**Q** 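Right, I'll just put the structure down here and ask away after.
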Amino acid sequence: MTRVLLIDDHRPAREGLRLALTRHGHTVATADSGEQGLARLRTFAAEVIVLDLTLPGMDGFDLCRHLRAEGDLPIIVLTARDDDIDVVAALEAGADDYVIQPVHSRIVEARIRAVLRRAARQPTQPTGREQHGALCIDRSSLSVGKSGRRVRLAPTEMRLLLTLSAEPARVHTRHQLLEAVWQHDFLGDSRLVDACVQRLRAKIEDDPHTPVYVQTVRGFGYRFGPVPA
């Protein structure tokens with residue numbers, strides 16, 4: 001049984017999805033604004049958050065950024081349009097996944113199971129500490145440091161870094177990364193990968209516009225390094 005916090009200001013849609021998720025066996029708390037959602041988190045130990053982007057007051061983008069700055073709870077956003085601008089902005093704000101409205105409860109349920117599997121899955125790469133230039137990756141403790149300072153990564157960012165750095169210089173296509181990191185290529189698209197790459201670069205690169213660690217191979221995908229000694 002998973003504890004889901006559902007944040008949506010449209011009552012019919014919110015109640016319909018709440019009932020459907022409850023029938024799937026989840027415990028669902030609801031809120032009709034970003035501010036109320038933050039208040040509910042103080043008393044409801046949510047394991048995943050599902051939120052609409054078009055909220056009154058604090059909108060879904062601001063709420064994503066706030067939640068991501070505070071912790072690593074998986075976030076799935078609901079958006080009314082399959083619009084690159086909205087989707088990419090939400091992913092760059094920290095969302096882990098998205099669903100296009102009108103939503104089907106089975107799709108939301110599948111996304112919830114996928115993000116929870118990813119959160120629980122242990123890395124399959126060899127454990128140990130690796131040094132790549134100024135970047136230190138400890139696969140045993142799932143921690144990352146740069147120049148002696150801790151770098152805090154969200155779970156999806158950590159999985160992406162572990163996957164890429166396990167085989168330095170190997171080119172991974174976006175499709176391969178969707179399967180390895182998101183585990184549901186048929187439910188996702190390349191925007192998930194590209195937005196996560198941008199967030200990861202912002203945290204580990206000296207200059208995200210000229211990346212050393214997570215490099216783009218135009219027309220193919222991404223690779224880790226090779227990193228100069």
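Keep in mind that this is a model prediction, so the values were computed, not measured. Position 1 is the first residue of the sequence; numbering continues from there.
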**Q** Please answer: with hydrophobic residues joined when any side-chain heavy atoms are less than 4.5 Å apart, are Leu6 and Ile107 in the same cluster?
**A**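 Leu6 and Ile107: one cluster.
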**Q** Would the distance check show the side chain of Glu130 and the main-chain N or O of His132 forming a donor-acceptor pair, the cut-off being under 3.5 Å?
**A**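 Such a contact is absent between Glu130 side chain and His132 backbone.
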**Q** Would you mind checking if Arg65 and Asp59 are paired as a salt bridge, meaning a charged N to carboxylate O distance below 4.0 Å?
**A**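 Salt bridge flag = no for Arg65 with Asp59.
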**Q** Measure the CZ-OG1 distance between Phe61 and Thr79 for me, rounded to the nearest 0.5 Å.
**A**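 Output value for this atom pair is 6.5 Å.
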**Q** Quick one, Arg129 with Ser140, criterion side chain to side chain contact (heavy atoms under 4.5 Å, CB included). Give me CA distance, side-chain angles, the key distance, then yes/no.
**A** CA-CA 7 Å; Arg129 179 175 295 183; Ser140 298; over 6 Å; no
**Q** Taking only residues two or more places apart in sequence or in another chain, which ones pass salt bridge (Lys or Arg N to Asp or Glu O under 4.0 Å) with Arg201?
**A**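 Scan of Arg201 (salt bridge (Lys or Arg N to Asp or Glu O under 4.0 Å), adjacent residues dropped) gives none.
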**Q** Is any side-chain heavy atom of Arg150 closer than 4.5 Å to a side-chain heavy atom of Ser143?
**A**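 In contact.
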**Q** Within the distance-only criterion (no hydrogens, no angle test), does the side chain of Arg223 pair as donor or acceptor with the backbone N or O of Ala169 below 3.5 angstrom?
**A**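 The answer is no, because no donor-acceptor pair under 3.5 Å joins these two groups.
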**Q** Distance from Ile100 atom CD1 to Asp86 atom CG, nearest 0.5 Å?
**A**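 Atom-to-atom, Ile100:CD1 and Asp86:CG are 8.5 Å apart.
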**Q** Report yes if some heavy atom in the side chain of Leu67 is under 4.5 Å from a heavy atom in the side chain of Ile49; otherwise report no.
**A**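 Yes, side chains in contact.
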**Q** Roughly how far, to the nearest 0.5 Å, is the CG atom of Leu164 from the CG atom of Leu177?
**A**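 Taking CG in Leu177 and CG in Leu164, the distance rounds to 5.5 Å.
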**Q** Would you please say whether a donor-acceptor pair under 3.5 Å links the side chains of Tyr98 and Arg111?
**A**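 Per modelled atom types, Tyr98 and Arg111 side chains form no pair under 3.5 Å.
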**Q** Would you check, one step at a time, whether the test side-chain hydrogen bond (donor to acceptor under 3.5 Å, both in side chains) holds for Arg139 with Ser165?
**A** CA-CA 10 Å; Arg139 296 179 182 273; Ser165 63; 2.7 Å; yes
**Q** Return yes if some donor-acceptor pair links the side-chain N/O of Asp52 with the main-chain N/O of Leu55 below 3.5 Å, else return no.
**A**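 Not confirmed, Asp52 side chain does not pair with Leu55 backbone.
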**Q** Can you name the side-chain contact (heavy atoms from CB on, under 4.5 Å) partners of Ser147, sequence neighbours left out?
**A**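 For Ser147, the residues satisfying side-chain contact (heavy atoms from CB on, under 4.5 Å) (neighbours in sequence not counted) are Ala134.
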**Q** Does any non-hydrogen side-chain atom of Leu135 lie less than 4.5 Å from one of Val144?
**A**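 Side-chain contact under 4.5 Å: yes.
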**Q** Give me the atom names and distance for the closest heavy-atom approach of Leu53 to Ala90.
**A**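 Looking at all heavy atoms of both residues, the shortest contact is CD2-CB, 4.0 Å.
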**Q** Can you tell me how far the OG1 atom of Thr54 sits from the CG atom of Asp9, to the nearest 0.5 Å?
**A**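 Thr54 atom OG1 to Asp9 atom CG measures 6.0 Å (nearest 0.5 Å).
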**Q** What's the separation between atom CG in Asp96 and atom OG1 in Thr156, rounded to the nearest 0.5 Å?
**A**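 It is 4.0 Å, given to the nearest 0.5 Å.
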**Q** Going by heavy atoms in the side chains, are Leu19 and Leu17 under 4.5 Å from each other?
**A**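 No, too far: nothing below the 4.5 Å cut-off.
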**Q** Under the criterion side chain to side chain contact (heavy atoms under 4.5 Å, CB included), I'd like the reasoning laid out for Val99 against Asp97: C-alpha separation, chi angles, the key distance, then a yes or no.
**A** CA-CA 7 Å; Val99 176; Asp97 215 330; over 6 Å; no
**Q** Compare all side-chain heavy atoms of Ile112 with those of Val108 and state whether any distance is below 4.5 angstrom.
**A**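 They are in side-chain contact.
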**Q** Let me have the donor-acceptor pairs involving side chains of residues 20-27, under 3.5 Å, with sequence neighbours excluded, atom names and distances please.
**A**
{"from": "Thr22", "atom 1": "OG1", "to": "Arg18", "atom 2": "O", "distance (Å)": "2.7"}
{"from": "His26", "atom 1": "NE2", "to": "Glu109", "atom 2": "OE1", "distance (Å)": "2.4"}

**Q** Which atom pairs, one a donor and one an acceptor, fall under 3.5 Å between side chains of residues 33-45 and the rest of the protein, sequence neighbours left out?
**A**
{"from": "Ser33", "atom 1": "OG", "to": "Gln36", "atom 2": "N", "distance (Å)": "3.0"}
{"from": "Glu35", "atom 1": "OE2", "to": "Met58", "atom 2": "N", "distance (Å)": "3.1"}
{"from": "Gln36", "atom 1": "OE1", "to": "Asp32", "atom 2": "N", "distance (Å)": "2.8"}
{"from": "Arg40", "atom 1": "NH1", "to": "Thr30", "atom 2": "O", "distance (Å)": "2.9"}
{"from": "Thr43", "atom 1": "OG1", "to": "Arg40", "atom 2": "O", "distance (Å)": "3.3"}

**Q** Does the pair Leu78 and Leu51 meet the rule for a side chain to side chain contact (heavy atoms under 4.5 Å, CB included), with working shown?
**A** CA-CA 6 Å; Leu78 309 176; Leu51 64 90; over 6 Å; no
**Q** Over all heavy atoms of both residues, which pair between Leu73 and Val48 is shortest? Give the atoms and the distance, please.
**A**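 Heavy atoms of Leu73 and Val48 come nearest at CD2-N, 4.3 Å.
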**Q** Taking only residues two or more places apart in sequence or in another chain, which ones pass side-chain contact (heavy atoms from CB on, under 4.5 Å) with Glu92?
**A**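 Per chain and number, Glu92 pairs via side-chain contact (heavy atoms from CB on, under 4.5 Å) with Val88, Ala195, Gln198.
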**Q** Looking only at side chains, do Tyr222 and Asp194 share a donor and an acceptor under 3.5 Å apart?
**A**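 Yes - a donor-acceptor pair under 3.5 Å links their side chains.
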**Q** So how far is it from Thr163 OG1 to Met158 CE, rounded to the nearest 0.5 Å?
**A**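 The distance works out to 11.5 Å.
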**Q** Go through the structure and list residues passing side-chain contact (heavy atoms from CB on, under 4.5 Å) with Arg11, not counting sequence neighbours.
**A**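 Arg11 satisfies side-chain contact (heavy atoms from CB on, under 4.5 Å) with Arg14, Glu15 only.
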**Q** When you measure from the side chain of Glu179 to the backbone N and O of Gln176, does any donor-acceptor pair fall under 3.5 Å?
**A**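 No, the answer is negative, given that no donor and acceptor are paired below the 3.5 Å cut-off.
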**Q** Would Leu116 end up clustered with Ile76 when hydrophobic side chains under 4.5 Å apart are linked, directly or stepwise?
**A**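 Yes, Leu116 and Ile76 fall within the same hydrophobic cluster.
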**Q** Got a donor-acceptor contact below 3.5 angstrom from the Glu47 side chain to the Val4 backbone?
**A**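 Between the backbone of Val4 and the side chain of Glu47 there is no qualifying donor-acceptor contact (under 3.5 Å).
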**Q** Identify whether Val197 and Val227 are in the same connected component of the hydrophobic contact network (ILVMFWY, side-chain heavy atoms under 4.5 Å).
**A**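 Yes, Val197 connects to Val227 through the hydrophobic network.
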**Q** May I have the step-by-step check of salt bridge (charged side-chain N to carboxylate O under 4.0 Å, His left out) for Lys146 and Asp206, ending in yes or no?
**A** CA-CA 10 Å; Lys146 184 179 179 186; Asp206 289 336; 2.6 Å; yes
**Q** Could you please spell out the steps behind the side chain to side chain contact (heavy atoms under 4.5 Å, CB included) verdict for Glu205 and Val212?
**A** CA-CA 7 Å; Glu205 301 284 358; Val212 172; 3.8 Å; yes
**Q** Just by distance, do the side chain of Gln215 and the backbone of Phe224 share a donor-acceptor pair under 3.5 Å?
**A**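 No.
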**Q** May I ask whether Leu200 and Val151 are part of the same hydrophobic cluster, defined by side-chain heavy atoms of I, L, V, M, F, W, Y residues being less than 4.5 angstrom apart, directly or through others?
**A**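 Yes; Val151 is reachable from Leu200 via cluster members.
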**Q** I want to check something: taking the side chain as every heavy atom from C-beta on, are His172 and Arg170 in contact at a cut-off of under 4.5 Å?
**A**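 Counting from C-beta outward, His172 and Arg170 do come under 4.5 Å.
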**Q** Looking only at heavy atoms, which two atoms of Cys64 and Val77 are closest? And how far apart?
**A**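 Heavy atoms of Cys64 and Val77 come nearest at SG-CG1, 3.7 Å.
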**Q** Within the side chain of His10, is there an N or O that forms a donor-acceptor pair under 3.5 Å with the backbone of Asp8?
**A**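 The answer is no, because no donor-acceptor pair under 3.5 Å joins these two groups.
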**Q** Taking side chain as C-beta onward, heavy atoms only, is Ile137 less than 4.5 Å from Leu162?
**A**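 Ile137 vs Leu162: side chains touch.
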